[in-house]
Amino acid sequence: VRAVLVRPPRPGVTVEEVPPAPLVPGSVRVTVLECGVCGTDHDIAAGKYGRAPDGVPYLILGHENLGRIAEVSAGVPLFQVGDVVVATVRRGCGACPFCRAGRPDFCTTGRYSERGITGAPGYFAEEYVERTEYLVRVPPSLAGVAVLLEPLTVIEKAIVQGEAVRARAAVASGGGGASPTALVAGTGAVGMLASLALRARGYTVTAIDRHDGSTRAAKLLRGVGAVHADVAAGLSALGEARYDLVLEAAGSPSLAFALIDRIALNGVLVLTGIPDAGGTPAPVPEGDLLRGLVLGNRAIVGSVNASRADFETGLRDLAAFESRWPGVASSLITSRRPLDDAPSVVGHRDPGSIKTVLRVADGGPGPPAR
Ligand code: BGC
């Protein structure tokens with residue numbers, strides 16, 4: 001089986017042959033159609049993150065996945081050959097109450113694994129084997145955009161967290177209240193999916209990055225009724241505005257701190273970007289910052305990974321995006337490249353792209369890889 005390998009903590013990416021995984025009872029063999037490349041993959045390729053499975057000298061990279069079932073073991077009545085599926089990423093520790101309740105995204109022991117990231121093989125490979133409890137079936141009508149499902153689930157969970165915090169201060173508005181406002185920091189795939197998901201929920205959305213309005217992201221944002229703002233010269237570009245839900249999807253610690261000042265009264269900042277560990281300590285205006293949080297009932301929440309329910313919500317959202325803004329979700333996929341290009345695609349960040357996808361099997365969705 002051809003697969004994209006890394007050997008953390010060593011930097012570097014190779015494409016090599018690995019043995020196929022055995023088809024154990026309760027599992028299926030899935031032909032990988034395509035896989036998205038994300039910032040986490042770049043960090044693992046750079047040696048900053050990631051861990052190979054115990055006793056294995058390499059990690060098969062990749063967690064944003066889309067595949068088609070090729071073989072079914074005994075004891076899987078609900079899935080059949082030909083089903084298009086997306087697999088979840090995190091596998092629980094089996095010990096903490098959250099993992100035992102099917103919520104490894106809230107694991108408290110830290111002994112979870114994540115396929116393609118930490119301690120378990122990923123999906124940048126011609127095929128993988130998985131138990132069906134970790135698979136979500138994709139309707140054929142969404143196959144062309146479902147490679148975006150996994151990154152969308154990170155946002156689905158983040159929105160649930162933010163709205164749970166906002167619900168503390170909910171009052172009956174009598175139906176006449178203004179729509180809530182959201183600020184999305186970052187216009188990579190996660191930020192763009194956040195803007196779409198929040199627009200679909202009726203938020204007034206402003207999305208920020210450090211580019212002028214001529215980029216593909218800025219145009220797509222305007223097309224869904226969001227405002228794009230270039231904050232290359234600082235958040236002062238936003239004037240005095242504050243937002244009910246601030247969603248950070250950029251992974252920049254200095255930006256995250258600056259966003260605290262943009263949380264409205266009773267509002268919340270949800271952090272999803274994973275910054276590099278270490279870094280230079282920066283001075284923090286402790287008094288002003290904490291005073292603003294307390295006197296304004298403001299909250300800051302971190303959110304990682306997603307639950308199975310977030311995958312189901314994500315599928316419903318993808319369908320909503322397709323019907324409300326046809327073609328917009330697939331426009332987030334800026335290029336499809338063959339698996340053999342993985343060393344250059346994963347080894348370097350392309351600032352002009354929103355989502356680069358590795359196309360693995362022929363006959364997958366979208367135009368051929370170039
Ligand atoms: C993935 C999540 C994962 C997180 C932390 C993200 O890129 O989408 O599934 O939990 O990285 O490893």
Side-chain angles (χ1 to χ4, degrees), residues 4 6 8-9 13 34-53 59-66 86-93 96 98-99 102-124 128 130 134-136 146-161 186 188-194 197 247-252 256 270-277 301-315 317-318 332-333 345-346 349 353-358:
V4 177
V6 288
V13 179
E34 50 186 29
C35 272
V37 177
C38 90
T40 301
D41 302 316
H42 292 301
D43 285 347
I44 297 171
K48 295 180 188 170
Y49 192 54
R51 179 169 60 78
L59 171 73
I60 301 179
L61 195 61
H63 57 279
E64 299 182 2
N65 65 94
L66 177 71
V86 170
T88 63
V89 173
R90 193 176 280 197
R91 304 290 172 261
C93 69
C96 81
F98 296 95
C99 290
R103 290 301 304 259
D105 57 311
F106 281 121
C107 178
T108 50
T109 63
R111 291 198 299 271
Y112 58 81
S113 60
E114 288 183 338
R115 291 200 66 154
I117 301 175
T118 177
Y123 307 109
F124 288 176
Y128 68 89
E130 187 51 283
Y134 300 120
L135 300 181
V136 179
V147 71
L148 298 171
L149 180 58
E150 196 280 339
L152 176 58
T153 64
V154 169
I155 286 309
E156 299 294 356
K157 175 175 173 183
I159 294 175
V160 171
Q161 306 311 301
V190 172
M192 293 297 288
L193 290 166
L247 207 150
E248 180 279 335
S252 155
V270 187
L271 304 171
T272 70
I274 305 173
D276 288 348
V301 179
S303 180
V304 69
N305 199 250
S307 69
R308 196 187 164 89
D310 297 315
F311 279 76
E312 304 292 347
T313 315
L315 277 179
D317 260 346
L318 282 178
L332 301 180
I333 300 170
V345 171
V346 185
R349 289 176 196 258
S353 91
I354 300 177
K355 174 59 68 186
T356 299
V357 160
L358 291 176

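Ligands are counted one by one from 1 in listed order, and the atoms in each one are counted from 1 as well.
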Can you sort out which atoms of ligand 1 are near [X], meaning under 4.0 Å from one of its heavy atoms?
{"X": "Glu150", "result": "1 (C), 2 (C), 8 (O), 9 (O)"}
{"X": "Val154", "result": "8 (O)"}
{"X": "Cys38", "result": "7 (O)"}
{"X": "Ile117", "result": "3 (C), 11 (O), 12 (O)"}
{"X": "Glu114", "result": "3 (C), 5 (C), 10 (O), 12 (O)"}
{"X": "Tyr49", "result": "5 (C), 12 (O)"}

(message) For His63 and Asp41: C-alpha separation, side-chain torsions, deciding distance, then whether side-chain contact (heavy atoms from CB on, under 4.5 Å) applies.
(response) CA-CA 8 Å; His63 57 279; Asp41 302 316; 3.5 Å; yes
(request) Determine whether any heavy atom of Ile274 lies closer than 4.0 Å to an atom of ligand 1. (result)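 Yes; Ile274 lies near enough to ligand 1 that a heavy-atom distance drops under 4.0 Å.
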(request) For Tyr128, enumerate each residue passing the ring-ring contact (aromatic ring centres under 6.0 Å, His included) test, keeping only those at least two apart in sequence or located in another chain. (result)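 Expected list: Tyr123.
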Please tell me if the side chains of [X] and [Y] come closer than 4.5 Å, counting only heavy atoms from C-beta onward.
{"X": "Arg308", "Y": "Tyr134", "answer": "no"}
{"X": "Cys38", "Y": "Lys355", "answer": "yes"}
{"X": "Leu59", "Y": "Pro53", "answer": "yes"}

(request) Report the nearest protein non-hydrogen atom to atom 7 (O) of ligand 1: residue, atom name, distance rounded to 0.1 Å. (result)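 Going atom by atom, the protein heavy atom closest to atom 7 (O) of ligand 1 ends up being Thr40 OG1, 2.6 Å.
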(request) Answer with side chain, backbone, both or neither: which part of Asn305 has a heavy atom less than 4.0 angstrom from an atom of ligand 1? (result)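 Near ligand 1, Asn305 shows its backbone as well as its side chain.
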(request) Report the C-alpha separation of Thr118 and Tyr112 in whole Å, then their side-chain angles, then the decisive distance to 0.1 Å, and conclude whether the side-chain contact (heavy atoms from CB on, under 4.5 Å) test is met. (result) CA-CA 8 Å; Thr118 177; Tyr112 58 81; 4.1 Å; yes
(request) Please round to the nearest 0.5 Å and tell me the distance separating atom CD of Glu156 and atom CG of Leu149. (result)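 Reported to 0.5 Å precision, the distance equals 8.5 Å.
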